[in-house]
Amino acid sequence: MAKHSDATRAWVRLRHSDDVLRLTVGDDGRGGADLAAGTGLRGIERRLSAFDGSLAVSSPSGGPTELTMELPCALSSPKISPSCGTA
């Protein structure tokens with residue numbers, strides 16, 4: 001973010017609902033992040049897909065940029081340890 005976007009502010013949101021873990025990372029930088037350019041975002045997308053996850057990129061010119069990563073994640077019974085951490 002600091003290297004590429006000239007952002008002054010960033011945020012991270014983590015949420016679990018409907019058996020999906022969602023992580024959103026964003027910044028107020030100049031935008032223009034593109035899955036087709038370079039290997040960084042493609043690498044994240046490839047790694048998520050190995051777990052049936054997905055990556056969505058919203059980064060219009062002028063910003064802001066938001067990356068939303070989703071992973072299937074059903075919470076286990078309270079008697080069993082959680083499958084993906086605590087909600």
Side-chain angles (χ1 to χ4, degrees):
M1 173 200 73
K3 180 179 178 182
H4 297 289
S5 74
D6 296 325
T8 58
R9 194 171 70 88
W11 55 91
V12 175
R13 290 188 302 267
L14 185 64
R15 180 172 182 229
H16 182 270
S17 65
D18 301 322
D19 291 335
V20 175
L21 183 64
R22 288 177 187 83
L23 171 66
T24 303
V25 178
D27 68 43
D28 65 350
R30 65 176 174 244
D34 184 359
L35 274 170
T39 58
L41 293 176
R42 279 280 183 223
I44 293 169
E45 183 181 51
R46 187 176 62 251
R47 287 170 179 86
L48 288 167
S49 71
F51 297 97
D52 296 328
S54 63
L55 172 65
V57 177
S58 173
S59 187
S61 182
T65 294
E66 279 200 350
L67 308 177
T68 301
M69 295 153 268
E70 295 187 345
L71 286 167
C73 181
L75 294 180
S76 298
S77 162
K79 296 179 183 179
I80 302 171
S81 61
S83 62
C84 64
T86 57

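Predicted, not measured: the structure shown is a model, and the values here were computed from it. Numbers here simply count residues along the sequence, with the first being 1.
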Colleague: Sorted by first residue and then second, give each salt bridge (charged side-chain N to carboxylate O under 4.0 Å, His left out) pair with at least one member in residues 15-28; sequence neighbours left out.
Modeller: R22-E70

Colleague: Suppose we screen for side chain to side chain donor-acceptor pair (under 3.5 Å). Which residues come up paired with E45, at least two apart in sequence or across chains?
Modeller: R42

Colleague: Can you list every pair that meets salt bridge (charged side-chain N to carboxylate O under 4.0 Å, His left out) and has a residue in residues 58-67, with sequence neighbours left out?
Modeller: R13-E66

Colleague: For residues 51-60, please give each side-chain donor-acceptor pair under 3.5 Å, one per line with the distance, not counting sequence neighbours.
Modeller:
unit_1 : atom_1 : unit_2 : atom_2 : d
S59    : OG     : G32    : N      : 2.9
S59    : OG     : A33    : N      : 2.8
S59    : OG     : T65    : OG1    : 2.6

Colleague: Using the test side chain to side chain donor-acceptor pair (under 3.5 Å), find all partners of T39 that sit at least two apart in sequence or belong to another chain.
Modeller: none

Colleague: Applying side-chain contact (heavy atoms from CB on, under 4.5 Å), can you list everything that pairs with L23, at least two apart in sequence or on another chain?
Modeller: V12, L14, V25, M69

Colleague: Just jot down the side chain to side chain donor-acceptor pair (under 3.5 Å) partners of D34, sequence neighbours excluded, or say none.
Modeller: none

